[in-house]
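Treat the numbers as computed from the prediction; the structure is a model and nothing was measured.
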Amino acid sequence: MSEETGLRLLAVDGDDLKVISAACQDSVCKPADLVFEAKRRRFRMEMNRYCWEEAGKGGKTGHRVRSVLSFEDVTQVKARGLPPRSADLVLSLLTVEWIAGDEETAPAGQVRLMFAGDGEMLLSADCLDATLLDTSKTWPTKNRPEHKE
C-alpha cells in the first residue's frame, strides 16, 4: 500500500465483513471514538488501524493508518464491558462479525464488535452496509500486535 492510497472496503454481507474484520484486527481507539448518530442511523468508529496488508513484506517496522469504520441503517447500539466515553483508555478491536436475522427479519441483523478485555458492542441494523476507509497517510510503528494461541 502506498502512502497516497489506502484501503476502501465495502461490506453488504457476512463474507464481505470478514475481510473488513481481518483488516481492522488490532485497531486501537478511545471510547470517545465510538459514535452513534441516532438521527442519521449511523455508527462510526475512528481508529488507528494496523496495516496487516503490509505485514508480510518483511522488516521489523509495521505501519498504522487513521481509518474510519462506519455502519449505516443502525437502529440501536448496546455496549457491554466498555469504559465510559470520558475514559482515557485505549480499546483494541479484535473482531467484527455479522449476525444475520431470521427469514422474517432479513435483511436485518446485528454487527458484533469484540474488543480485548471482553468488551463488546452490538449494533442492530436494518441491513449490513459497512465501509472501511483509510483517512491518512501511514506512519511507522515498531509495535507489531501479537496473539497467544
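- Annotation for Asp134 and Ser67: closest pair OD1-OG, 2.5 Å, computed over non-hydrogen atoms.
- Electrostatic pairing of Glu72 and Arg41 does not count as a salt bridge here, judged by no charged N lying under 4.0 Å from a carboxylate O.
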Give the intermediate values and the outcome of side-chain contact (heavy atoms from CB on, under 4.5 Å) for residues Arg144 and Trp52. CA-CA 10 Å; Arg144 180 185 171 112; Trp52 285 109; 3.6 Å; yes
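- The CG atom of Asp16 sits 9.5 Å away from the CG atom of Leu9 when rounded to the nearest 0.5 Å.
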Begin from the C-alpha positions of Leu91 and Leu82 and carry the test side-chain contact (heavy atoms from CB on, under 4.5 Å) through to its verdict. CA-CA 8 Å; Leu91 302 173; Leu82 293 175; 4.1 Å; yes
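- Contact record, Val65 with Cys51: CG1-SG, 3.8 Å, taken as the closest heavy-atom pair.
- At least one donor-acceptor pair closer than 3.5 Å links the side chain of Thr135 to the backbone N or O of Arg66.
- Side-chain atoms of Leu128 and Val111, non-hydrogen and from C-beta on, do get closer than 4.5 Å to each other.
- Here Gln25 contributes atom CD and Leu94 contributes atom CG; the two are 7.0 Å apart, rounded to the nearest 0.5 Å.
- Under the 4.5 Å side-chain criterion, counting only non-hydrogen atoms from C-beta, Arg49 is not in contact with Val68.
- Put simply, the side chain of Trp139 reaches to within 4.5 Å of the side chain of Arg64, judged on heavy atoms.
- Residues Met47 and Cys24 are in side-chain contact: their nearest non-hydrogen atoms beyond the backbone lie under 4.5 Å apart.
- Side-chain contact between Asp13 and Trp98 is absent, with no heavy atoms from C-beta onward closer than 4.5 Å.
- For the atom pair CG of Asp33 and CZ of Arg85, the computed distance is 8.0 Å after rounding to the nearest 0.5 Å.
- The shortest side-chain heavy-atom distance between Leu17 and Phe71 falls under the 4.5 Å cut-off.
- Side-chain contact between Lys78 and Gln76: present, with at least one pair of heavy atoms (C-beta onward) separated by less than 4.5 Å.
- Asp102 CG: more than 12 foreign heavy atoms inside a 6.0 Å radius.
- Going from atom CG of Leu113 over to atom OG1 of Thr95 covers 8.0 Å, rounded to the nearest 0.5 Å.
- Between Pro31 and Pro83 the shortest heavy-atom distance is CG-CG, 3.6 Å.
- Residues Tyr50 and Ser27 share a closest heavy-atom pair of N-OG, 4.3 Å.
- Annotation: side chain of Leu34 is in contact with side chain of Cys29 (closest heavy-atom distance under 4.5 Å).
- Residues Phe36 and Phe115 fall within the same hydrophobic cluster, defined by Ile, Leu, Val, Met, Phe, Trp and Tyr side chains chained together at heavy-atom separations under 4.5 Å.
- With rounding to the nearest 0.5 Å, the separation of CG in Leu7 from CG in Leu133 is 9.0 Å.
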Run the numbers on Thr131 and Leu69 for side-chain contact (heavy atoms from CB on, under 4.5 Å), then give the verdict. CA-CA 6 Å; Thr131 305; Leu69 176 60; over 6 Å; no
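- Remark: the backbone N or O of Leu122 is not paired with any side-chain donor or acceptor of Arg80 at under 3.5 angstrom.
- In this structure, Arg44 pairs ionically with Glu46, as a charged nitrogen and a carboxylate oxygen lie closer than 4.0 Å.
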Assess the residue pair Asp26 and Ser92 against the criterion (side-chain contact (heavy atoms from CB on, under 4.5 Å)); give the C-alpha distance rounded to whole Å, side-chain angles, the decisive distance to 0.1 Å, and a yes or no. CA-CA 5 Å; Asp26 299 308; Ser92 180; 4.2 Å; yes
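- Separating the CZ atom in Phe43 from the CE atom in Met121 is a distance of 4.0 Å, to the nearest 0.5 Å.
- The minimum heavy-atom distance between Met114 and Leu93, with the atom names listed, is O-CD1, 3.5 Å.
- Linking ILVMFWY residues whenever their side-chain heavy atoms come closer than 4.5 Å, directly or via other members, places Leu132 and Val19 in the same cluster.
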